[in-house]
Amino acid sequence: MIKIENLEKIYRTEEVQTKALNNVSLTVNEGEFVAIMGPSGCGKSTLLNILGLLDEPDGGNFSFAGTEVAKAAERRRAELRKKHIGFVFQSFNLIEELTVFENVELPLIYLGVGAAERKEKVAKVLEKMQIMHRRNHFPQQLSGGQQQRVAVARAVVNSPSLILADEPTGNLDSSNGNEVMELLTELNEAGTTIIMVTHSEHDARYAHRVIRLLDGQVVLEHAHV
Amino acid sequence: MFKNYFLVAYRNLIRHKGFSFLNIAGLALGLTACLLIGLFVHDELQFDKFVPQGDQIYRIYSERTKTETPETLAPVPPMYATTMKQEFPEVEQTTRILMESSVDLLEVGDKKIYVENGLIADSTFFEIFPLDFKYGSAAHALDAPMSMVLAEDVAKSFFGDENPVGKQIKMNKTSFVVKGVLQNNLSKFHLKVNSVIPLSAAQLPKERMKKWGWHQFFTYVKLRPGTDAQQTQAKLRSYVAEKVNPTLPEDDKVTDLSFLQPLHEVHLYSANFKYDSSVKGNITYVKALGFIAAFILLIAGFNFVNLSTAKSMQRAKEVGIRKTIGASREQLMLQFLSETVLLTLVSVVLATVLTALLLPSLNTFTGKTMTFDLLTNPGLLGVLVLLTVVVGLVAGFYPALVLSSFQPVKVLKSAVVTDSVFGRVQWLRHGLIVVQFALSVFLIVCALVVFRQVSYLHNKDLGFNRDQIMFFPMRGDNMNKHYDTFKNELQQVPGVASASIGYGFPGDQVAGDGIIVPTNGEDKEKGVTQLMVDYDYLKTLGLQLVTGRDFSQEMKTDKDQAFIINETAVKELGFGTPDKALGQTLKWKVWNNKNPDSLKIGKVIGVVKDFHYKSLYDKLEPAVLQIFPGAYWKVAVKLKADNIGSSVEGVKQVWAKFSPESPIEYKFLDNNFDQMYKAEDKLKSLLWIFTGIAIFVGCLGLFGLATYAAERRKKEIGIRKVLGASVGSIVSLLSKEFLVLVLIAAVIAFPAAWLAMSRWLQDFAYRIDMPLWAFLAAGLTAAAVAFLTVGYQAVRAATMNPVNNLRAQ
């Protein structure tokens, strides 16, 4: 599903050049659950942003679902994003002016899905995330765990083939965190590919495979059994 | 999709109430000012547009080239129309209106009313101006000599609601027959019409009508379709030069330049015309107001842009999320544009309501009858819709561009979006503030200069004492015949200091005429103002003699052989000094229809100090005063300072004795003078109001920006405070940035304001020097207003607990 080769990303400020990613090569197959780990500043979020087509690499190849996207235009990347990728963030990133229902509905609107179908799909996913009873609440009226469930619901509502999770449990207590991890596992078992950045060894154990980064380079790759 | 946009827009609006208020209030206020000005300007531009084929109609006017500064005269001699009708095939029709400013006494049965604005016109008047008739018809309405057409209001006051066509009406004791009644819809006509009678009724001597030098007729020509007016104008000039002048004696040759003025320009482009009785506007003021409207809209629009980009920090996260989810840049731009259009719509609706509420006041102020009815005027609705869309799109475009350009990777990571993201909008925001303040400073300077000049106009020492002088025209045969007893009795009234009868009182009409100065055995005629006075003129007006003596009843020769001149005349007539002027001989062609060549020959017996009998727009002219009972038409009564009320009563009683049939219509001379500057007074008020609005709207924006600046620098302020910064130093830190902008604005605005105001002042023959303090005051006002606006936020930010600020990061 994802194949990157010799990926490079360089951040420049006036005086300093930082190599955030240095010759990273990586393959993620369909249906896999991969965790990316490493200390702060090792480049894992940069990698995730590139994988999520939010950011462009400075060098190397990146093939997404069989097409080369390393130099794709923003329009094309937005297109791929909305069709194939769902995002889950540490800070939930829900739109505060929209209700739970409307937040989850948003990706479908951008996909041009009709109103009746949207309603049905959103209801279904909210049921699944057990947050249906809160559908008319605004994000700030929900607990952190509930907000993250909404965020996951939004990520999966258009059935993406890939979910990118950036420290999805980082702002949650352990029981809420476990709940979210269970959700992701379920999705993965249903066939969705998941790539997750995490600090937590505990969370990483949910993944099939762990990739460890240090100073922008892959230093270790190992599979969980 | 749009439902989602509007939902978010609506909730944003509600959530950030203060911000929404600033944005909407500023724009609504700006739009209201614009709409009101727009209505006024539109109304001014509508004058005479209702006249069918108005683009073929021209007024002939002439420019005097003989005088030192060219004078533009609205009336022209009678022969222009006659000649053009006869000799110029491209002229379809002409009509003339006799210039006369008398008030006519209209009588039906016992009812008597004095009515102004009675026109004496060629019978072709209604062919050029086919006005709507309520009763009767335009065709042949003025054919018979004793015909009269009445305005609806006048007809109503005599005949009520019945059709008066065919009925008798007396004008100044002569009988006329009512031939028609005009509809009451002439508010956009440049002529004030209460009655129209044909020229034949005036029984002007035939010889007079053949004059080429008697500037007495407002003359209109209608050209055939497709005629080039410029060519006709050139043709007229060369006709006069080649065909007319050779037939005239040397003294009577036409030296004036004639012009064809399009009908549609008569109202607005005749501000400096002399002897013009049309309803005048002033294109300079109309344009100035148009500029101010544009300024205010610009300021309000800039607010919008500024506040929106400032607020975009809070929207950055939303943009990031939407983009991550898959929104394209176009979709986001569309979203933000629809938000601004929505905000604009709310503002426009508010502005519409405000305009409707304020319009009656504007109508009272301008004396207009403007309407703001959306139901009957679909064009207006179109303007509003257009305004919403254009303002919404223009003001929303830049914020939308900025917002939609945010990169999700950057905005989602940091909890607070830092300045770096906004670096490039900083200069724009600052630029907009500079422009806003430059416009405000410009308006403040203008308002102050206009204010100074207007109070100068009202308060300048005019060289005579204008206080407590009652002023009224003579009425009725009895009064005219016994003017001396009338005057005597007036002077008997306790409380009356003195009284004078004549023609040529300050603030009223004066006659211009020639005076002949014999120099080196040759008679030379010079144009001067003729003030027809009596023995008490100087005393009544408090004029000061420079040398010589006043007219005296003791001196038998004073009536027919004496002149008094003013200081300017001493110079212009070439006498050198006042003392040398004494005893010099002057000759004057007496106003006498029977014997136009009779001469009054006399000596200069006195010189008066110059005094302003005209408005301060006009330069002092040479003036000649003489005793001439033939023009005893107006009365000035000087009252003593106390008990004015009973003095006025006393004057009224004397009046009633001499002219019981008509009520006295008096004014006070100083009011007369103040009337001259009505346009300037109004300009002054309008400038104050709109300058106020511009500053207020600008401040709303500045306040909003200061709020966000303080917000943005919370962390910095926190750190500074932890390190020991005082509240004062932080306030100055935050305010300095804005004050620098105001300073730059002032530097830009000053030269522009200087130029604009110098040009305005140029129109006045007597004017103030450009007041430098006005510039200083404008700059300080702008700075003070900016400081107060920003300071409030700065103090708030500076007194906050730094721990809270730092933790928030």
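Per chain, numbering begins at 1; letters A, B, ... match sequence-line order. Just so it is clear, the structure is predicted and the values come from calculations on it, not from any experiment.
For B/Arg329, no part lies near chain A; criterion is any non-hydrogen pair under 4.5 Å. If you measure heavy-atom distances from A/Leu111 to chain B, you find no contacts under 4.5 Å at all. Neither the backbone nor the side chain of A/Phe92 comes within less than 4.5 Å of any heavy atom of chain B. In this structure, the portion of B/Glu330 lying under 4.5 Å from any heavy atom of chain A is its side chain and not its backbone.
Considering all non-hydrogen atoms of both residues, B/Ala327 and A/Tyr110 come closest at CB-CZ, 3.3 Å. In terms of heavy-atom proximity, A/Leu54 sits nearest to B/Pro408 at CD2-CG, 3.7 Å. Smallest separation of non-hydrogen atoms from B/Val8 and A/Leu98: CG2-CD2, 3.3 Å.
Legend: residues meeting side-chain contact (heavy atoms from CB on, under 4.5 Å) with A/Asp215, ordered by chain and number and at least two apart, are absent.
Chain A forms the most heavy-atom pairs under 4.5 Å with one residue out of B/Glu318, B/Gln407, B/Arg322, and that residue is B/Arg322. Note: B/Ile325 leads B/Ile325, B/Asn12, B/Ile14 in heavy-atom pairs under 4.5 Å with chain A. Contacts with chain B were tallied for A/Leu53, A/Asn158, A/Ile109; A/Ile109 has the most, counting heavy-atom pairs under 4.5 Å.
Scanning residues 142-157 of chain A against chain B with a 4.5 Å heavy-atom cutoff picks out A/Arg154, ordered by number. Residues of residues 115-136 of chain A lying under 4.5 angstrom from chain B, judged on non-hydrogen atoms, do not exist. Scanning residues 74-88 of chain A against chain B with a 4.5 Å heavy-atom cutoff picks out A/Arg75, A/Ala78, A/Arg81, A/Lys82, A/Phe87, ordered by number.
Atom OG1 of B/Thr324 and atom CG of A/Asn93 lie 7.0 Å apart (nearest 0.5 Å).
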B/Arg11 and A/Glu96: salt bridge (Lys or Arg N to Asp or Glu O under 4.0 Å), yes or no, with the steps?
CA-CA 9 Å; B/Arg11 287 184 189 148; A/Glu96 290 174 4; over 6 Å; no
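Within 6.0 Å of CZ on A/Phe138 lie more than 12 heavy atoms contributed by other residues, nucleotides or ligands. Other residues, nucleotides and ligands contribute at most 12 non-hydrogen atoms within 6.0 Å of the OH atom of B/Tyr10. By the 6.0 Å contact criterion, CZ on B/Phe6 is enclosed, its count of non-hydrogen atoms from other residues, nucleotides or ligands being greater than 12. Within 6.0 Å of the CZ atom in B/Arg15, the count of heavy atoms belonging to other residues, nucleotides or ligands exceeds 12.
Between A/Glu97 and B/Leu7 the shortest side-chain heavy-atom distance does not fall below 4.5 Å.
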